[in-house]
Amino acid sequence: MGDLNSEWQAELARAYNSAESLAAALQLPQSWVTSHHSARKLFPIRVPRPFAELIEAGNPDDPLLLQVAPHAHEHAQRDGFSTDPLGEADATATSGVLHKYGSRVLVILRGGCAVNCRYCFRRHFPYDEHKFGQAECEQALNYIQLHPEINEVILSGGDPLMAKDRQLETILTAFAALPQIRRIRIHTRLPVVIPQRLTTELKTLLMGVGVPVIMVLHINHARELGQRLADTLSQWNNVGITWLNQSVLLKGVNDSAETLCELSERLFEVGILPYYLHQLDRVQGAAHFAVEDAQAILIMQEVTARLPGFLVPKFVREIHGEASKTPINLQR
Ligand code: SF4
């Protein structure tokens with residue numbers, strides 16, 4: 001039998017990793033490369049081809065491109081933007097485990113992602129110090145058992161679906177076997193940028209974990225939900241997995257009520273419910289994506305007026321040290 005993971009791993013291996021190769025694929029001029037390529041030193045470029053195919057060729061302002069392409073603005077130092085905006089270095093309880101919220105524990109299974117989103121709040125996170133092998137898994141299991149208030153494990157990242165199925169199965173079943181664990185959540189963007197990651201084998205694996213599994217995708221714009229991902233998701237209907245989405249409010253990408261409404265409608269069409277819209281975490285290098293609160297509130301007031309309640313994501317901000325995400329008051 002061949003390697004069941006080979007197609008998505010082949011896509012990972014051939015992802016664009018330079019401004020030059022991205023520009024060539026998307027018919028962007030050399031002046032675009034010259035203006036922006038130095039930002040790759042701040043955060044490497046990684047754009048899988050299935051995602052690049054969704055980007056409009058020749059358009060340097062395409063909302064999908066802006067999320068993944070290096071930009072000269074990343075060099076700007078802005079007050080209030082830091083390398084660890086959520087204080088995660090302090091919250092690391094044991095290797096690969098972040099215990100920020102009482103009943104939930106975040107496990108960083110894999111350091112890398114299939115795509116490097118330029119606004120990522122973990123763009124400076126020292127992933128190399130957070131390897132997750134057998135020893136770390138045992139430490140995490142011990143930690144959870146010592147904290148009976150934990151009833152949910154969230155696999156985050158990096159992207160947990162970067163792990164091979166065998167490792168995922170071992171870890172998921174180990175967590176699910178703890179009597180205190182009621183559900184497991186997987187935060188992933190990988191299926192959005194490489195839909196081939198949603199293999200039949202992965203579906204079978206997740207259906208057999210033993211506790212309910214919630215998949216939380218990360219999609220910021222309706223065009224990220226291409227036909228291939230939509231077709232794949234239709235094969236995952238009715239298998240008992242809950243699908244949610246979280247987005248980040250990003251200037252130039254989705255900072256209008258119309259764009260956000262379209263996103264919610266498209267998510268619903270393919271069986272995903274909007275969960276969170278995050279106000280940008282103030283990470284150094286991403287200030288050009290920030291939408292000021294006053295503007296954001298106006299946008300969300302309009303979204304709330306236009307959509308049924310179940311399609312309106314909770315608009316939140318994460319504040320270092322708070323016991324949960326903080327809802328942003330829309331009634332100002
Ligand atoms: S997929 Fe998520 S964790 Fe990875 S770079 Fe993008 S925003 Fe960051």
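Atoms within a ligand are numbered from 1 in the order they appear, just like the ligands themselves.
Atom 4 (Fe) of ligand 1 has no N, O or S atom of H218 inside 2.8 Å of it.
More than 12 heavy atoms of other residues, nucleotides or ligands lie within 6.0 Å of CD in E149, so this atom counts as buried by the packing criterion.
Using a 4.0 Å cut-off between heavy atoms, C117 contacts ligand 1 through both its backbone and its side chain.
Salt bridge R14/E7: absent, no basic N to carboxylate O contact under 4.0 Å.
Between F310 and F268, the distance from one ring center to the other falls under 6.0 angstrom.
Every atom of ligand 1 with a heavy atom of R189 under 4.0 Å away is listed here by number and element: 1 (S). Residue-ligand proximity, C113 to ligand 1, at heavy-atom distances under 4.0 Å covers atoms 1 (S), 3 (S), 4 (Fe), 5 (S).
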Verdict with supporting geometry, K164 and E169, salt bridge (charged side-chain N to carboxylate O under 4.0 Å, His left out) | CA-CA 9 Å; K164 290 185 183 169; E169 185 168 27; over 6 Å; no

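Side-chain N/O atoms of S21 and S18 include a donor and acceptor closer than 3.5 Å.
Heavy-atom distances between D159 and ligand 1 stay at or above 4.0 Å for every pair.
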